[in-house]
Amino acid sequence: MHEKLQPVREAVIARNPGEKEFIQAVDEVFGSLGPVVARRPELLDAAILERICEPERQIIFRVPWVDDQGRTQINRGFRVEFNSALGPYKGGLRFHPSVYLGIVKFLGFEQIFKNSLTGMPIGGGKGGADFNPSGRSDGEVMRFCQSFMTELYRHIGEYTDVPAGDIGVGGREIGYLFGQYKRITNRYESGVLTGKGLSWGGSLVRTEATGYGTVEFARQMLKTKGDDFDGKTVSVSGSGNVAIYAIQLAQSLGAKVVTASDSSGFVHDPDGIDLDILREVKEVERGRINDYVQRRGGQARFTEVGKASLWEVPTQVALPCATQNELNGADARKLVENGVLAVAEGANMPTTTEGVHIFQEADVLFAPGKAANAGGVATSALEMQQNASRDSWTFDYTSTRLTEIMKGIHDTCAAHADEYGQPGNYVAGANIAGFIKVADAMLAQGVI
Ligand code: GLU
């Protein structure tokens, strides 16, 4: 790390004790910015680094709700409004028991640079709660969402802060959240949330966008080597919205996707994942991934979490689409040993710092999440555009826009990596390109 960045990093650690995922995300970005501050000392003079690491506003609130047994439950809700240099705060809400301030801040920090890379006018934010929706009835989820929004509504708005989904927050939750926002404010303010249903302000392609975008980014990387997905073996982790559409697009480009997972373990299906069965089990029934193996039969096998790693399965393209730090140094070594060509992160920060270094040293094409999974939030910005103009676009038009945006992000990352002397380093390219745009806007807007 550049010597001028070191004291800033130490101050961030001192000010945010125990927030290890946030520090990991800061380190990852700072690790790329040495050449930028060397060339642009005015950014240091204006304390841009110190300011970019300190959220503009952090909201923590109590979320009381009543479960089906009539017991009162309490969760903790968060919204971190990190940076509004480029536009209203924008980023998802995560409902998962692991959520605490450090997770929300890592996600919000990543979101600043990701949103900048999309080229759309959106700032960075993130939120959520330590609520576990799994095993909860629709009624419980609704009451939780209503209580959550009863506090959140006063902080958000189409020109202020525009939440969306993330882990544990999909179409059902966005519906309940939007309904409560509308009821409290008495405003049909479509642009206040994205990921809405198609009949009430949602955008075509938003559901598919993150997974499709990740595969498109990987396709662009392979193309630089004269290669493509056709005939490739691909490993995907996760079985949520990102994983499912990554599998779908990879398959339609001629790849054989052989894995999927959830928190209980992973499946290896050497004949190729049957997406209809996977969707039935995970989306319709909200069941466990082992049910896939029961229904699929053949050579499909389930491995319980902790017994072995999904990344031991030989593959040519790895798409981690589950959660942070799911792919560690040992996993990366195994993937390299088995000849992996490209890794594109569909999740946010799924590869550990050690894992990233192993891929880079082995010259594996590696796309960080802030570039590779930006298709989701980019399409959220397209949803905001449609809401602002009270219009709705066709699937083809919207998906063409998404493909162009992903190509744009790929090319921007590659160009910045080249310009700063690290050709082929998409981590450096994404961090530098994402940062410079935000930093310049912050400089122009003065000390705020
Ligand atoms: N949660 C997604 C992300 O990590 C999407 C956010 C959004 O659409 O605002 O980028």
Side-chain angles (χ1 to χ4, degrees), residues 19 21 55 57-81 89-108 111 125-158 160-197 200-202 240-241 262-264 282-288 323-324 348 380:
E19 296 178 5
E21 297 84 1
R57 190 176 298 107
Q58 308 182 57
I59 303 142
I60 304 182
F61 51 99
R62 181 170 70 197
V63 188
W65 56 285
V66 178
D67 69 17
D68 286 346
Q69 282 69 46
R71 284 186 303 247
T72 300
Q73 303 274 352
I74 302 293
N75 285 99
R76 186 172 283 183
F78 302 88
R79 187 72 184 167
V80 172
E81 298 180 334
Y89 311 106
K90 181 84 196 85
L93 299 169
R94 177 177 291 192
F95 292 168
H96 191 271
S98 64
V99 167
Y100 77 107
L101 190 58
I103 292 272
V104 182
K105 276 163 70 178
F106 120 63
L107 291 164
Q111 203 82 45
K126 203 86 185 191
D130 59 356
F131 170 72
N132 187 359
S134 99
R136 291 294 179 189
S137 69
D138 286 353
E140 289 177 316
V141 171
M142 181 180 75
R143 291 193 293 281
F144 177 81
C145 288
Q146 290 177 338
S147 181
F148 187 86
M149 186 53 85
T150 301
E151 171 60 33
L152 188 69
Y153 88 95
R154 71 191 77 242
H155 307 291
I156 62 177
E158 66 173 312
T160 315
D161 183 356
V162 184
D166 196 82
I167 293 172
V169 178
R172 175 182 60 169
E173 290 75 15
I174 293 294
Y176 296 147
L177 291 164
F178 184 72
Q180 184 73 349
Y181 181 86
K182 180 163 66 71
R183 185 183 191 194
I184 295 173
T185 59
N186 193 32
R187 284 165 65 90
Y188 205 108
E189 198 185 321
S190 300
V192 71
L193 289 172
T194 60
K196 298 181 295 296
W200 42 280
N241 167 264
D262 69 10
S263 58
S264 67
K282 295 304 299 184
E283 288 185 331
V284 181
E285 298 164 17
R286 295 180 191 269
R288 307 312 294 176
T323 195
Q324 68 274 356
N348 289 311
S380 277

When rounded to the nearest 0.5 Å, the distance separating NZ of K126 from CD of Q111 is 4.0 Å
Ring centers of F148, Y181 separated by less than 6.0 Å: no
Side chains of I156 and V162: does their closest heavy-atom pair fall under 4.5 Å? no
Heavy-atom distance under 4.5 Å between the side chains of V169 and F131, does that happen here? no
Out of curiosity, D138 CG to E173 CD, how far, rounded to the nearest 0.5 Å? 9.0 Å
In this structure, CZ of R172 is separated from CG of L177 (nearest 0.5 Å) by 11.0 Å
Mind listing the closest non-hydrogen atom pair of K90 and A164 along with its distance? NZ-CB, 3.5 Å
dist F178:CZ -> T194:OG1 (nearest 0.5 Å) comes out at 11.5 Å
Are M142 and S137 close enough, and set up right, to give a side-chain contact (heavy atoms from CB on, under 4.5 Å), and what steps lead you there? CA-CA 9 Å; M142 181 180 75; S137 69; over 6 Å; no
Minimum heavy-atom separation for M149 and I184, please, with both atom names. O-CD1, 4.1 Å
What one should report as the nearest heavy-atom pair of P64 and I74 is CB-CD1, 3.8 Å
If you round to the nearest 0.5 Å, how far is CZ of R136 from CZ of R143? 9.5 Å
Looking at every non-hydrogen atom in both residues, tell me the closest pair between L193 and K196 and how far apart they are. O-NZ, 2.6 Å
For H155 and T160, what are the C-alpha separation, side-chain angles and deciding distance, and is it a side-chain contact (heavy atoms from CB on, under 4.5 Å)? CA-CA 8 Å; H155 307 291; T160 315; over 6 Å; no
Identify, with sequence neighbours excluded, every residue that meets salt bridge (charged side-chain N to carboxylate O under 4.0 Å, His left out) alongside R154. E151
Would you name the heavy atoms of A129 and F144 that are closest together and state the gap between them? CB-CZ, 3.6 Å
Okay, side chain of Q180, backbone of S147: is any donor-acceptor separation there less than 3.5 Å? no
Sorted by chain and residue number, the salt bridge (charged side-chain N to carboxylate O under 4.0 Å, His left out) partners of R187 (sequence neighbours excluded) come out as E189
Any sub-3.5 Å donor-acceptor pair from N75's side-chain atoms to D130's backbone N or O? yes
Donor-acceptor pairs are to be reported for all side-chain atoms of residues 93-107 against protein atoms at under 3.5 Å, with residues two or more places apart or in another chain.
residue, atom, partner, partner atom, Å
R94, NE, D166, OD2, 2.7
R94, NH1, Q324, OE1, 2.8
R94, NH2, D166, OD2, 3.0
H96, ND1, S98, N, 3.1
H96, ND1, S98, OG, 2.7
Y100, OH, G18, O, 3.4
Y100, OH, E21, OE1, 2.5
K105, NZ, N16, OD1, 2.5
K105, NZ, E19, OE1, 2.7

Just wondering, more than 12 heavy atoms not from D68 lying within 6.0 Å of its CG? yes
Rounded distance [0.5 Å steps], SG in C145 versus CH2 in W65: 10.5 Å
